[in-house]
Amino acid sequence: MIKVCKFGGTSMADANAIRQVKKIIDADTARRYVIVSAPGKRFKDDIKITDMLYRCYNEVVEFGTCKKSFDIIRERFIQIVKDLNLSLDINSVLDKTEKEINESKCPDFAASRGEYLSAIIAADFLGFEFVDAAEMVRFDSHGKLNDDYTDDKVSNRLSKVEKAVIPGFYGKNFQGNIKTFSRGGSDITGSIVARGVKADLYENWTDVSGFLVCDPRIVPEAKVINQITYKEVRELSYMGASVLHAEAIAPVMKRRIPINIKNTFKPEDKGTMIVPNEQYQSDSNDSVITGIAGKKNFTVLLIEKSMMNAEVGFIRRVLSVVEHYNVCVEHLPSGIDTLSVIIESDQLKDGVLSDMVGEIRENVNPDYIHVIENISLIATVGHGMARRLGTAATLFTALANENINIRMIDQGSSELNIIIGVANTDYEKCIRAIYKAFVP
Ligand code: ASP
């Protein structure tokens with residue numbers, strides 16, 4: 001049995017948290033490969049080490065040296081080593097790291113050093129070998145993960161090591177320079193390692209006891225999701241649920257390795273099990289829906305033209321204008337004579353919206369284009385919805401009862417989710433209404 005464990009920023013934030021990590025690792029000999037984040041926040045207004053490292057990079061650009069910010073980082077790591085009673089010569093490692101950040105003049109290199117230092121300390125404290133992610137994780141010339149190369153390297157390198165700590169968040173690009181994933185990317189490293197060593201389980205340790213049905217800032221009593229499928233997590237993460245990086249599912253999905261989201265500070269809680277469809281074990285208490293997530297600030301371009309459906313290439317011509325402005329489309333619900341193009345409003349700033357609408361008008365000569373701004377998208381996700389009659393009716397009745405006007409509806413053909421668009425001002429009310437309608 002092999003378990004890969006990833007510990008997030010709060011689990012690495014100070015010596016107390018790291019001691020807790022050691023307890024968890026020591027409790028199960030199957031926990032052989034440990035991926036760590038950089039130390040995160042210790043209290044609400046604290047600054048994450050990764051954010052400090054981006055500051056270091058900015059200081060190097062402006063003043064040629066990162067001494068001011070690096071001194072704060074230095075102090076934090078020295079304190080952790082001291083509190084853990086380690087004999088590790090962290091000062092020399094920090095001196096070398098500061099020098100390298102000054103010389104490399106690369107934001108990714110600077111940012112990656114939080115995980116690097118965190119892993120050196122964790123390896124020493126756990127008595128595990130330190131294995132650098134830079135030896136194994138490789139990106140291609142388009143900046144995408146080079147999957148086959150990385151998988152090979154991970155499985156070869158780690159087959160020689162019984163127990164290892166590996167820094168998350170980074171690898172090397174095709175030119176051999178350090179490159180990071182997007183923020184929160186240590187989750188992806190954990191998933192890559194789990195696949196590479198053919199783990200039985202990928203444990204993702206964080207500071208919450210799993211995925212909640214919805215954002216607890218909106219519904220304080222939101223329940224924990226005990227079990228969820230890979231695809232549902234993809235949908236929820238993409239729509240803003242922030243427990244796990246949206247790209248962390250793909251690597252383990254190939255080998256059907258389940259992920260268990262666990263709470264470092266409440267290890268007795270079961271957390272959330274993320275499983276492939278075929279491993280999902282239905283329970284009679286299952287709610288029809290699994291989760292609700294959403295995002296604010298979208299713009300809808302509602303394009304209407306009679307006989308649109310008979311006009312060959314209509315949608316393509318609209319989309320080619322959108323592409324010309326380098327804008328991504330989120331959803332594209334269509335009717336016989338209407339097409340709605342839904343776009344994140346941030347992409348339409350600085351005159352892009354009016355220029356683009358003008359060009360669409362010229363290109364497809366519609367009857368009219370109506371622009372609706374300040375729209376929120378809310379996804380109600382659940383693999384159980386496909387089997388159950390009346391889910392949509394329950395959803396829409398709940399919203400009607402709350403006087404919420406639905407501006408757009410999009411049900412994916414997988415019947416895994418129903419996405420609705422409502423005014424930003426109705427966002428919270430809408431999530432509360434859906435929760436109340438479905439969760440017993
Ligand atoms: N430390 C990085 C971040 O703050 C990566 C991670 O924690 O996963 O985004």
Side-chain angles (χ1 to χ4, degrees), residues 5-25 34-63 65-104 106-128 130 132-134 165-170 178 180-181 183-187 189-190 205-207 263-265:
C5 305
K6 179 257 166 180
F7 289 90
T10 26
S11 309
M12 300 304 295
D14 58 20
N16 274 340
I18 301 174
R19 272 192 214 104
Q20 186 62 26
V21 167
K22 184 166 161 51
K23 258 198 215 159
I24 291 166
I25 297 298
V34 178
I35 290 80
V36 293
S37 281
K41 291 185 180 193
R42 292 159 294 181
F43 43 86
K44 191 167 163 278
D45 294 325
D46 199 10
I47 306 175
K48 287 180 170 189
I49 288 289
T50 309
D51 292 321
M52 288 301 301
L53 285 160
Y54 281 116
R55 273 194 209 173
C56 284
Y57 164 73
N58 291 333
E59 269 175 43
V60 174
V61 173
E62 205 172 333
F63 310 112
T65 160
C66 64
K67 179 157 181 5
K68 202 166 138 243
S69 289
F70 198 82
D71 274 351
I72 300 172
I73 295 171
R74 178 184 289 276
E75 208 180 298
R76 240 181 114 176
F77 280 111
I78 288 178
Q79 190 66 45
I80 292 176
V81 169
K82 193 170 151 239
D83 290 347
L84 291 175
N85 281 324
L86 299 177
S87 54
L88 176 71
D89 180 10
I90 194 71
N91 263 309
S92 316
V93 186
L94 289 163
D95 288 344
K96 185 162 170 274
T97 304
E98 180 176 354
K99 192 161 166 274
E100 286 171 343
I101 292 175
N102 284 333
E103 286 167 3
S104 81
C106 164
D108 283 27
F109 179 79
S112 72
R113 294 305 88 183
E115 271 66 15
Y116 174 80
L117 294 163
S118 193
I120 288 185
I121 293 172
D124 198 72
F125 187 55
L126 295 173
F128 283 21
F130 167 83
D132 198 345
V165 177
I166 301 131
F169 190 37
Y170 69 91
I178 294 290
T180 63
F181 290 106
R183 296 299 303 265
S186 299
D187 286 343
T189 314
W205 293 85
T206 173
D207 55 2
N263 188 345
T264 301
F265 307 98

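In this structure, OG on S37 lies 8.0 Å from NZ on K48, to the nearest 0.5 angstrom. One finds the OG atom of S69 at 9.0 Å from the CG atom of L53 (value rounded to the nearest 0.5 Å). Remark: F265 CZ to T206 OG1 distance equals 8.5 Å, nearest 0.5 Å. To the nearest 0.5 Å, the span separating CD1 on I47 from CZ on R42 amounts to 9.5 Å. To the nearest 0.5 Å, the span separating CG on D71 from CD on E98 amounts to 6.5 Å. In this structure, the separation between CD1 on I90 and CG on L84 is 10.5 Å, given to the nearest 0.5 Å.
When all heavy atoms are compared, the tightest approach of E115 to A38 is OE2-N, 2.9 Å.
Proximity of V61 to Y57: side-chain heavy atoms (C-beta onward) are separated by under 4.5 Å at one or more points. In this structure the side chain of V21 never reaches within 4.5 angstrom of the side chain of V36, judged on heavy atoms. Considering only heavy atoms from C-beta on, M12 stays 4.5 Å or farther from T264 through its side chain. Inter-residue side-chain proximity for I121 and L86 is flagged as met; some heavy-atom pair is nearer than 4.5 Å. Side-chain contact between P167 and F130 is present, with heavy atoms from C-beta onward closer than 4.5 Å. Taking the side chain as every heavy atom from C-beta outward, D95 and R74 approach each other to under 4.5 Å. Looking at F109 and Y116, their side chains never come closer than 4.5 Å, going by heavy atoms from C-beta outward. Inter-residue side-chain proximity for F169 and T50 is flagged as met; some heavy-atom pair is nearer than 4.5 Å.
Under the side-chain contact (heavy atoms from CB on, under 4.5 Å) test applied with I101, the options S112, C56, C106, P107 reduce to a single match, C56. Considering I49, I73, I178 in turn, I178 is the only one that fulfils the side-chain contact (heavy atoms from CB on, under 4.5 Å) rule with R113.
A cation-pi arrangement is absent between R19 and F125 under the rule of less than 6.0 angstrom and at most 45 degrees off the ring axis.
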- What do the steps show when you test N58 against E62 for side-chain hydrogen bond (donor to acceptor under 3.5 Å, both in side chains), and what is the final call? CA-CA 6 Å; N58 291 333; E62 205 172 333; over 6 Å; no
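A salt bridge links R76 to D46: one of the charged nitrogens lies within less than 4.0 Å of a carboxylate oxygen. Between K96 and E100, at least one side-chain N (NZ, or NE/NH1/NH2) sits under 4.0 Å from a carboxylate O, which counts as a salt bridge.
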